[in-house]
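Quick note on labels: first sequence line is chain A, next is B, and so on, each numbered from 1. The analysis underlying the following values was restricted to heavy atoms, covering all of them including side chains, and did not include hydrogens, waters or symmetry mates.
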2 protein chains.
Amino acid sequence: MRVSDKHSKITQAAVKVFAQKGFFNARISDIAKEAKVADGTIYLYFNNKYDILISLFEDEIGKIILQVKLLLEQEDDPCRKLHIFAKQHLLLLEEKKDLAEVLQMELRQSNKFMKEYRNTKFIEYIDIISAIIHQGQDRGIFNRDISPGIAKRVIFGALDEMSRLWILDDAPHYTLAETADQVCNLFLNGLKNPASH
Amino acid sequence: MRVSDKHSKITQAAVKVFAQKGFFNARISDIAKEAKVADGTIYLYFNNKYDILISLFEDEIGKIILQVKLLLEQEDDPCRKLHIFAKQHLLLLEEKKDLAEVLQMELRQSNKFMKEYRNTKFIEYIDIISAIIHQGQDRGIFNRDISPGIAKRVIFGALDEMSRLWILDDAPHYTLAETADQVCNLFLNGLKNPASH
DNA sequence: AGTCAATATGAATAGATATTCATTTTGCTG
DNA sequence: CAGCAAAATGAATATCTATTCATATTGACT
């Protein structure tokens, strides 16, 4: 068996177990059992429990960044780019619910430990949003009064909260596509009624 | 000493300790020490460690809801109401940073255990936002295409993410007032440049 | 001052579990 | 097939900590 096989087998098992029980309640032996591996084997591939979480995060978010950037390259219009980003972000819930749950949890759960470790992968991810906004402003399509640094957080926060709703709610009231459209519409056009001006 | 004194002494200590170490890494003995109380005393006021977290959450968010609702009563315009809500939400960071940290953390960290316990206090809090949006739509000021149920989540998520940035970042780049203005402006007017139509 | 119930104490318990490491298994090479 | 290094095992270790409960303190009332 290739080395990487076991590494990724453990990672996949960890995603499943962390999603099910949360990081602190997940036991190493749970992950080992799920990965069909001895407890000790995990320590041949990871330094400790935190290390599983961190490398899981970096590996998986790295893949997502690559995929989203590839999709965005094929589109020119900033509005449609924003749509693509939102849809892709929410799509993760349908395609990889466990992973979505872990990534979301981790971002908060470990606030304390996130303070120490500079989370460059996460920053790279949300910087995709600010790049879109910058581009829109350069072209005169987006309002220049808006700070891309704040807007990227605002948009990410909004999408993340919608994800949380889906994760907690067993029977979501809205479809994924509907949600992405609503969120984008809100950010692009705002709450105000255009007819009222 | 009045009974309620000790209860709130423990709650205050728990806020401090949870903010400092996170829920899972906080020891009961840490909270007891901080509250200047014996370990066992805590169990006279709370059933277990989770119970401290839950009642802390309900008590404190209850107070915040009262305060915000009171402020909103004195304002009529939905746009300005939204401003007030945003500013008050962010103000929590300046006034009670530890509490803000715990409330935020708890909402995610305990995703797993939140699934069981219907968090009515939290729902009551974000329903303040949807009420504002409804009012705006009834008056024809806000776009009727926007779902208040989605928008309340989007707006809360955005504010919450801005809070997270402040908590993690030791030297925030934006002032609190500036942040509230930017977030509201984004939600009210949208990203699109009005001049480009 | 004495009685009693309510409060508070903190040492002891009971259980959990991350990590280590002596041993075994695997699979490659000559 | 023998020899060997790398990989894998899982029982044992070492520590940690939520919760309990027998005991002590407090303070209200007579």
query = How many Å lie between CD1 on B:Ile31 and P on D:dT19, as a whole number?
reply =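 That distance rounds to 10 Å.
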Atom pair distance, as rounded to whole Å: CG in A:Asp5 and C1' in D:dA6 =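 So the CG-C1' distance, A:Asp5 to D:dA6, works out to 16 Å.
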key: Side-chain N,O (B:Tyr45) to OP1/OP2 (C:dA8) below 4.0 Å   =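 Yes, B:Tyr45 has a side-chain N/O under 4.0 Å of OP1/OP2 on C:dA8.
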request  = May I ask you to verify if any side-chain N or O of A:Tyr50 is less than 4.0 angstrom from the OP1 or OP2 atom of C:dA18?
outcome  =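 False: A:Tyr50 side-chain N/O out of range (4.0 Å or more) of C:dA18 OP1/OP2.
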inquiry  = Please verify the inter-ring angle class for B:Tyr45 with B:His7; under 30° counts as parallel, over 60° as perpendicular, anything in between as tilted.
reply    =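 Answer is perpendicular, since the angle exceeds 60°.
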Checking the side chain of [X] only, and the main-chain atoms of [Y] only, is there a donor and an acceptor separated by less than 3.5 Å?
| X | Y | value |
| --- | --- | --- |
| B:Lys121 | B:Ile65 | no |
| A:Gln104 | A:Asp160 | yes |
| B:Gln137 | B:Ile146 | yes |
| B:Lys49 | B:Ala26 | yes |
| A:Glu161 | B:Phe156 | no |

Pick out the pairs of N or O atoms, protein on one side and nucleotides 9-12 of chain C on the other, that lie under 3.5 Å.
unit_1	atom_1	unit_2	atom_2	d
C:dT9	OP2	B:Ala38	N	3.0
C:dT9	OP2	B:Thr41	OG1	2.5
C:dG10	N7	B:Gly40	N	3.3

Donor-acceptor pairs under 3.5 angstrom involving side-chain atoms of residues 124-134 of chain B: please list them, not counting sequence neighbours.
unit_1	atom_1	unit_2	atom_2	d
B:Glu124	OE2	B:Lys69	NZ	3.4
B:Tyr125	OH	B:His89	ND1	2.7
B:Asp127	OD1	B:Lys152	NZ	2.7
B:Ser130	OG	B:Asp127	O	3.1

ask   = Do A:Val102 and A:Phe23 have side chains that get closer than 4.5 Å, going by heavy atoms?
value =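 Of all side-chain heavy-atom pairs linking A:Phe23 with A:Val102, none is under 4.5 Å.
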Using a cut-off of under 3.5 Å, enumerate the N/O to N/O pairs linking the protein to nucleotides 14-18 of chain D.
unit_1	atom_1	unit_2	atom_2	d
D:dA18	OP2	B:Ile28	N	2.5

